[in-house]
Amino acid sequence: MLRLKFRNCRLTSTPSRNYIHSNAVRSNLHSTNLKLGDLSKSGRVEEARQLFDKMPEKDEYTWNTMIVAYSSSGRLSDAKELFRRNPVKNTISWNALISGHCKNRSKDEALSLFWEMQLQGRSFNEYTLGSVLKMCASLGLLQRGEQIHGCTVKTAFDSDVGVVNGLIDMYGQCRRVSEAEYIFKTMPGERRNNVTWTSMLTGYSRNGFAYKAIECFRDMRREGTQPNQFTFPSVLPACGAVCARRVGVQVHGCIVKSGFKTNIFVQSAVIAMYAKCRDLETARALLQDMEVDDVVSWNSLVVECVREGFKEEALSLFRRMHERDMKIDEFTLPSVLNCFASSRTEMMKIASSVHCLIVKTGYGSYKLVSNALVDMYAKRGTMDSALKVFERMIEKDVVSWTALITGNGSYEEALKLFCKMRAEGGISPDQMVTASVLSASAELTLLEFGQQVHCNHIKSGFPASLSVDNSLVSMYTKCGSLEDAEAVFSSMETKDLITWTALIVGYAKNGKAKDSLEAYKLMIDNGVRPDYITFIGLLFACSHAGLTEEAQRYFESMRTVYRITPGPEHYACLIDLYGRSGDFAKAEELLNQMEVEPDATVWKAILAASRKHGKIETGERAAKTLMELEPNNAVPYVLLSNMYSAAGRQEEAANLRRLMKSRNISKEPGCSWVEGRGRVHSFMSEDRRHQRMVEIYSKVDEMMLLIREAGYEPDVSFALHDLDKEGKELGLAYHSEKLAVAFGLLAVPDGAPIRIIKNLRVCGDCHSAMKYISRVYSRHIILRDSNCFHHFRDGSCSCGDYW
DNA sequence: GTAGGGTTAG
């Protein structure tokens, strides 16, 4: 009000001569300032500097425009120097300088200018906050961003829509979607502009919340806000991510109507969307119709062709890019390299020529390209080449490590690499590497390690991912921790075939046949089609629970309902079941009916059945085939020799043992291990290497005493042959699994289950002892042997004494 | 008339 009055006053008074003169100068200055601004905007900084130096008179605007010219072209020290010399500094001068540092990602400098500004008594405003927030967003500086958020609340700038937009974007880019959502939802609806909507949408889309992104797009239009060239490239990837082609087509229609059709960002996103929705034809046609050869659009199509397995098409696109003299970039090459990761060996020649091209063109120094090279070599099993590329990389990121970890054939090596990645610092695991490491932990049955990876993943704040959740379900079942597997399973919003199958197989291997079949029923009710693996789980469950009729029914439905040809694994389960339930003839009949070549698993089942039924002839056939299939396996020798002994054919038994010796085949030594406090404690039979050996042996003695009182009788048929009775009993007492359980009783806290893993099948005497131990000590003992899990609780075992 | 906020390709 005051200012208005003052202005009016000036306007009504008669202008003096001096005033007219100064007005003329001002108008001259004004037009030069505008010229300076134009030069700055078009990036002609040197010309701007020359003009600035020549100007006889300068005002605030002149100085600020020149600071902007330097600042936005990255000449930060020039900007700073000019800022220092500027006699008419104002808030805009500060903002211009800070914005330059923010755009240049000089975060320390930018933030210290931000604080310095305030120390010098100059308050920041909505523009300052906007710049700094954008920098926090693009660098993922969550803590700084939160600090700035605090400033906006204290100074009430959080009512400025530009600042709010910056906050939403910052939280979105720092993967804090719920914070972004909270700010978005609590602001008055009428204040949201299209930047607000687009920022929220982008937050959803980038963080894997595709459906929410699509919903956000609909709400935006419903509220009457027009989407623009920024909105479309954000919503389209969300449609692609969930294969929502119909929604994608609607968005496409909206684009055509809105006139953003020719925008290169929009167009490339449309092509990518169709390609992701497996409509390569439309994608190809759109690419053909484009007025310019846009490398991004071509790249998206190459990527999708690779993903859909059309390698030839991808390579031909790549060739055509060459022919059209398009600039191949660091995004084209990784997709092309992906073609070779899983291709035939003949293709490696082309792969080598692409690698040469990369070296020649200097693209080897691009992270994306090197990552793809590491990935390709690792997946092809040429780890030395992969490591060579990896070690030469200056800046390794989580993708580089993932390529190395996932491609590695050895699980142990994979975990070591993962630990190394964590130890070298600065790199936090993402969903891809988490899923991969969880699978490796599962294969090695490292529950504690898997749990740590799980905890880390929760803390990381990544949204739910199907592949991580599936790996978790699988890891927990493979480590015998069904409660945890169930907890993850029931927390999952979407489940796929892999999820259900992991649970079905998991229950089966943990002796929970009923739950396994129940889960199968639920899966079918949920409209999920079973596959080859699902049926292995189901038949395994049936065979271990003696459910002959059910097994036959499932086996039939495999072929008749789901058109899946049964494989050797399925036959092995059924043969095992018949053998065990006493129907040897059926087992043999099934063997002869097999459409596929029987493998070692099938012959092992036949051998076990023959042994149980004393069918030496079939046993001989099975054992001999097994000796050929697995020349280093001692099992067929031992089992057949035992069958001879049992039939009183001692000489043949001895011959077989001699043959075994002459072929240098020995029984794989039994080994049991317990995981504890980040260490694996392993025990062999009569092992005396452990640090707490004395304690462990006296615990074994106590154990044996207590369980004998409870009714346990040692079964010396499982002991070595050439000892007297007492020696045999002692030998039994110090079997690896008994040492492991004794250690577990000493080291595992009361109430927690003792988890043991054994490389071979558990010995019959140990199995019986474990049952007693679980009762006498009131402990849940979980023993995973080479075949399945045994949950010993209160004197009985989940396997129903069959393994 | 000077300063801030949203976008595509692995």
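A, B, ... follow the sequence lines: proteins, then strands. Residue 1 opens every chain. Note that the structure is a prediction, hence the values are computed from the model and not measured.
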message: Is the positively charged end of A:Arg192 above the ring of A:Phe184, judged by distance under 6.0 angstrom from the centroid and angle within 45° of the axis?
response: yes
- request: Measure from the side chain of A:Val195, starting at C-beta and using heavy atoms only, and say which of B:dA3, B:dG5, B:dT7 lies closest.
  value: B:dG5
Crowding at CE, A:Met187 (>12 non-hydrogen neighbours, <6.0 Å): yes
- request: Would you mind classifying the nucleic acid contact of A:Asn33 as base, sugar-phosphate or nothing, using non-hydrogen atoms under 4.0 angstrom?
  value: base
message: Taking the minimum atom-to-atom distance to the side chain of A:Val296, which one of B:dG4, B:dA9, B:dG10 wins?
response: B:dA9
- request: Select base, sugar-phosphate, or nothing to describe what A:Asn193 touches, counting heavy atoms under 4.0 Å on all strands.
  value: base
task: Classify the nucleic acid contact of A:Lys103 as base, sugar-phosphate or nothing, counting any heavy atom under 4.0 Å across all strands shown.
output: sugar-phosphate
query: Closer than 4.0 Å, any side-chain N/O of A:Arg206 to the OP1 or OP2 of B:dT7?
result: yes
- prompt: Rounding to a whole Å, what distance do you find between A:Leu133:CG and B:dA3:C1'?
  reply: 15 Å
task: Can you tell me the distance, in whole Å, between the CD1 atom of A:Ile264 and the P atom of B:dT8?
output: 14 Å
statement: Of the candidates B:dT2, B:dG5, B:dG4, the side chain of A:Ile92 sits closest to B:dT2
message: Given the structure, check if the side chain of A:Asn228 and the base of B:dG6 hold any donor-acceptor pair shorter than 3.5 Å.
response: yes
- request: In whole angstrom, give the distance that lies between atom NZ of A:Lys41 and atom P of B:dG1.
  value: 10 Å
task: Over 60° means perpendicular and under 30° means parallel, so classify the ring planes of A:Tyr366 and A:Tyr363, tilted if in between.
output: tilted
message: I want to verify a distance call: between B:dA3, B:dT7, B:dG4, whose nearest atom is closest to the A:Asn95 side chain?
response: B:dA3
- prompt: Looking only at side chains, do A:Asp279 and A:Thr282 share a donor and an acceptor under 3.5 Å apart?
  reply: yes
Sugar-phosphate only, base, or nothing, as touched by A:Asn338 at under 4.0 Å among non-hydrogen atoms: sugar-phosphate
Selection from B:dG6, B:dG4, B:dG1 that lies nearest to any side-chain heavy atom of A:Asp59: B:dG1
field: Parallel, tilted or perpendicular: ring planes of A:Trp401 versus A:Phe390, cut at 30 and 60 degrees
entry: perpendicular
message: For a quick check of understanding: with a heavy-atom distance under 4.0 Å over all strands, which category does A:Val164 fall into, base, sugar-phosphate or nothing?
response: nothing
Nearest-Å distance for atom pair CE/P, residues A:Met290 and B:dT8: 16 Å
message: As a test of reading the structure: which of B:dG5, B:dA3, B:dG10 is closest to the side chain of A:Ser335, going by heavy atoms?
response: B:dG10
- request: Identify which nucleotide among B:dG10, B:dA9, B:dG6 has an atom closest to any side-chain atom of A:Val399, counting heavy atoms from C-beta outward.
  value: B:dG10
message: Distance check needed: B:dA3 C1' versus A:Arg122 CZ, whole Å only.
response: 13 Å
message: What contact category does A:Gly162 fall into here, base, sugar-phosphate, or nothing, at under 4.0 angstrom with non-hydrogen atoms?
response: base
- request: Name the closest nucleotide to the A:Asn299 side chain, picking from B:dA9, B:dT7, B:dG4.
  value: B:dA9
Phosphate contact (B:dT8 OP1 or OP2) by A:Ser300 side-chain N/O below 4.0 Å: no
message: Regarding A:Val161, tell me which of base, sugar-phosphate or nothing describes its non-hydrogen contacts under 4.0 Å with the strands shown.
response: base
- request: On the 0 to 90° scale, with breaks at 30° and 60°, tag the A:Phe52-A:Trp63 ring pair as parallel, tilted or perpendicular.
  value: perpendicular
task: Evaluate whether the aromatic ring of A:Tyr127 and the six-membered ring of the B:dG4 base sit under 5.5 Å apart, centre to centre, with an inclination under 30°.
output: no
query: Expressed in angstrom and rounded to an integer, what is the separation of A:Leu287 atom CG from B:dT8 atom P?
result: 19 Å
field: From CA spacing to verdict: side chain to side chain contact (heavy atoms under 4.5 Å, CB included), A:Phe230, A:Phe265
entry: CA-CA 8 Å; A:Phe230 294 106; A:Phe265 284 89; over 6 Å; no
- request: For A:Val303, answer base if it contacts any base atom (sugar-phosphate contacts may also be present), sugar-phosphate if it contacts only those atoms, and nothing otherwise; contact means non-hydrogen atoms under 4.0 Å.
  value: sugar-phosphate
query: Using a cut-off of 4.0 Å on non-hydrogen atoms, how would the nucleic acid contact of A:Asp329 be classed: base, sugar-phosphate, or nothing?
result: base
message: Is it the case that the base of B:dT8 and the side chain of A:Ser268 share a donor-acceptor contact (distance under 3.5 Å, atom types as modelled)?
response: yes
- request: Answer yes or no: side-chain N or O of A:Asp160 and base N or O of B:dG5 forming a donor-acceptor pair under 3.5 Å.
  value: no
task: Look at all strands and tell whether A:Thr65 reaches a base, only sugar-phosphate, or nothing, counting heavy atoms closer than 4.0 Å.
output: nothing
- request: Choose from B:dT7, B:dG5, B:dG1 the nucleotide whose nearest atom is closest to any side-chain atom of A:Asn165.
  value: B:dG5
- prompt: Is there ring stacking between A:Tyr61 and B:dT2, where the centres must be under 5.5 angstrom apart and the planes under 30 degrees?
  reply: no
query: Is the closest basic N to carboxylate O distance between A:Arg284 and A:Glu313 below 4.0 Å?
result: yes
query: To the nearest Å, how far apart are A:Tyr171 OH and B:dG6 C1'?
result: 18 Å
message: Rounded to whole Å, please give me the gap between NZ in A:Lys276 and P in B:dG10.
response: 5 Å
statement: Among the nucleotides B:dG6, B:dG10, B:dG4, whichever has the atom closest to the side chain of A:Lys134 is B:dG6
